[in-house]
Amino acid sequence: MIRFYKEGEEVDLLDLGITELGSTNRIELVMKNDFADKVELLDAIVEDKGLKIIEFTSKLGIKEEGKIILEFSPSKDRTESLKDSKIKFRVIIG
């Protein structure tokens, strides 16, 4: 399993705080490989068009850590808040 951490605390639900329409909020998380083998992460996607993956570590050795940088930029005509948008990778183990 790939786990995500912010300031040393594991996160399942990320709080980006208040992001005004037309502005950008960026956050960096630590990713940790908890698999008993090395992994490669491919085809990273998010479900919300305002949320983007700017950068991420695509190869992690056993128990190795990397990073992922996310950016939320709601357009000026957006009417809904950011909720339940999942981050997905295709994970190759070994």
Check whether more than 12 heavy atoms from other residues, nucleotides or ligands sit under 6.0 Å from atom CD1 of Ile93, and answer yes or no. yes
Looking at Glu80, I'd like to know if its CD atom is crowded, meaning that more than 12 non-hydrogen atoms belonging to other residues, nucleotides or ligands lie closer than 6.0 Å. yes
Name all residues meeting the side-chain contact (heavy atoms from CB on, under 4.5 Å) criterion together with Lys49; count only those two or more places apart in sequence or in a different chain, and write none if there are none.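 None.
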Output yes when a side-chain donor or acceptor of Glu47 lies under 3.5 Å from a complementary backbone atom of Lys86, and no otherwise.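 Checking the backbone N and O of Lys86 against the side chain of Glu47, a donor-acceptor pair under 3.5 Å is found.
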Checking the side chain of Thr57 only, and the main-chain atoms of Lys67 only, is there a donor and an acceptor separated by less than 3.5 Å? yes
Quickly, which of Ile68, Ile87, Val39 forms a side-chain contact (heavy atoms from CB on, under 4.5 Å) with Ile2? Name it, please.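 Checked Ile68, Ile87, Val39 against Ile2; only one passes side-chain contact (heavy atoms from CB on, under 4.5 Å): Val39.
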Are Val30 and Ile62 connected, step by step, through hydrophobic side chains (Ile, Leu, Val, Met, Phe, Trp, Tyr) whose heavy atoms are closer than 4.5 Å?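 Shared cluster, no.
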Would a hydrophobic clustering, with Ile, Leu, Val, Met, Phe, Trp and Tyr connected at side-chain separations under 4.5 Å, put Phe4 with Ile53?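 Hydrophobic grouping puts Phe4 with Ile53.
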Are any of the side-chain nitrogens in Glu64 or Lys59 under 4.0 Å away from the carboxylate oxygens of its partner? no
Check ion pair Glu71-Arg26 (N to O, under 4.0 angstrom):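 Arg26 and Glu71: salt-bridged.
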[X] and [Y]: which non-hydrogen atoms are nearest, and at how many Å?
X: Leu60; Y: Glu65; answer: CD2-C, 3.6 Å
X: Pro74; Y: Ser23; answer: CD-O, 3.5 Å
X: Thr24; Y: Ser73; answer: OG1-OG, 2.9 Å

Using 0.5 Å steps for rounding, measure from the [atom1] atom of [X] to the [atom2] atom of [Y].
X: Tyr5; Y: Glu10; atom1: OH; atom2: CD; result: 4.5 Å
X: Thr19; Y: Leu21; atom1: OG1; atom2: CG; result: 9.5 Å
X: Lys6; Y: Leu29; atom1: NZ; atom2: CG; result: 7.5 Å
X: Lys52; Y: Leu70; atom1: NZ; atom2: CG; result: 12.5 Å
X: Ile54; Y: Ile27; atom1: CD1; atom2: CD1; result: 13.0 Å
X: Met1; Y: Asp34; atom1: CE; atom2: CG; result: 8.0 Å

If you look only at pairs with a residue in residues 29-87, which of them pass as a ring-ring contact (aromatic ring centres under 6.0 Å, His included), with sequence neighbours excluded? Phe56-Phe89
Do any pairs count as a ring-ring contact (aromatic ring centres under 6.0 Å, His included) and have a residue in residues 10-32, sequence neighbours left out, and if so which ones? none
